[in-house]
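For the single chain, residues carry numbers from 1 onward in sequence order. Heavy atoms only: backbone and side chains are in, while hydrogens, waters and symmetry mates are out.
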Amino acid sequence: LRADATIRNITQGRIGGRLIDIAENGCKIELFSASATCGQKVTIKLDNLELWVGYIRWVKGRVIGVEFDRPLHPAVVDHLSSTHPDLDLA
């Protein structure tokens with residue numbers, strides 16, 4: 001099980017993806033279909049969690065690395081590890 005996410009950016013609007021790795025400072029997301037560009041500002045939303053804002057720092061095919069605007073609280077990362085045990089946590 002991995003965490004499905006809603007990702008938004010200015011150029012493409014709403015993009016579907018799957019959160020596959022997360023740390024306090026950023027995350028790795030596999031996009032379902034859209035492409036992305038380094039430097040794009042994005043928002044990320046998981047069910048029942050706050051909206052995260054960040055910037056795409058790298059792109060490898062449909063997998064992107066996002067650096068958060070503000071680091072996540074360690075409790076958020078802990079919550080994700082308990083509710084999504086197959087998620088890779090850095």
Side-chain angles (χ1 to χ4, degrees):
L1 174 68
R2 296 191 179 196
D4 288 344
T6 300
I7 301 99
R8 293 183 187 272
N9 70 28
I10 292 172
T11 58
Q12 296 171 313
R14 185 178 182 173
I15 304 168
R18 180 169 291 127
L19 185 68
I20 55 177
D21 191 5
I22 192 163
E24 291 174 23
N25 293 312
C27 65
K28 181 168 48 172
I29 297 173
E30 178 183 14
L31 301 176
F32 292 145
S33 62
S35 62
T37 305
C38 285
Q40 284 181 316
K41 184 176 183 177
V42 294
T43 59
I44 302 162
K45 178 74 173 136
L46 297 181
D47 288 339
N48 301 320
L49 290 175
E50 67 184 58
L51 186 75
W52 305 326
V53 177
Y55 292 88
I56 298 174
R57 295 300 181 207
W58 57 263
V59 178
K60 290 184 182 176
R62 292 185 323 174
V63 178
I64 62 173
V66 176
E67 180 181 15
F68 297 134
D69 219 11
R70 293 183 344 228
L72 297 181
H73 191 281
V76 173
V77 177
D78 290 344
H79 171 74
L80 287 170
S81 69
S82 66
T83 58
H84 300 284
D86 292 337
L87 191 63
D88 298 325
L89 299 171

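- The line from NZ of Lys28 to CD1 of Ile20 is 4.5 Å long, rounded to the nearest 0.5 Å.
- Among all heavy-atom pairs drawn from Gly17 and Ile29, the shortest one is CA-CG2, 4.2 Å.
- Formation of a donor-acceptor pair under 3.5 Å by the Arg62 side chain with backbone atoms of Phe32 is found in this model.
- Here the shortest heavy-atom pairing between Val53 and Lys41 reads CG1-CE, 3.4 Å.
- Hydrophobic clustering of Ile, Leu, Val, Met, Phe, Trp and Tyr side chains at less than 4.5 Å, counting indirect connections, unites Phe68 with Ile64.
- Of the inter-residue distances, the one linking Arg18 atom CZ with Ile7 atom CD1 reads 10.5 Å to the nearest 0.5 angstrom.
- Atom CZ of Arg70 is separated from atom CD of Glu50 by 6.0 Å, given to the nearest 0.5 angstrom.
- A 6.0 Å sphere centred on CZ of Arg14 holds no more than 12 heavy atoms belonging to other residues, nucleotides or ligands.
- Between atom CG of residue Asp69 and atom CH2 of residue Trp52 there is a gap of 14.0 Å, rounded to the nearest 0.5 Å.
- One hydrophobic cluster, built from ILVMFWY side chains closer than 4.5 Å, holds both Val59 and Ile15.
- The two residues Ala5 and Leu46 come nearest to each other via the heavy atoms CB-CD2, 3.4 Å.
- In this structure, the side chains of Val63 and Trp58 come closer than 4.5 Å at one or more pairs of heavy atoms.
- Hydrophobic clustering, with ILVMFWY side chains joined whenever heavy atoms are under 4.5 angstrom apart, keeps Ile44 apart from Tyr55.
- When all heavy atoms of Val77 and Ala23 are compared, the pair lying nearest together is CG2-C, 4.1 Å.
- Considering all non-hydrogen atoms of both residues, Val66 and Val42 come closest at CG1-CG2, 4.0 Å.
- In terms of heavy atoms, Leu31 sits closest to Ala36 at CD1-CB, 4.0 Å.
- Taking CG of Asp78 as the start and CG of Leu72 as the end, the distance is 11.0 Å to the nearest 0.5 Å.
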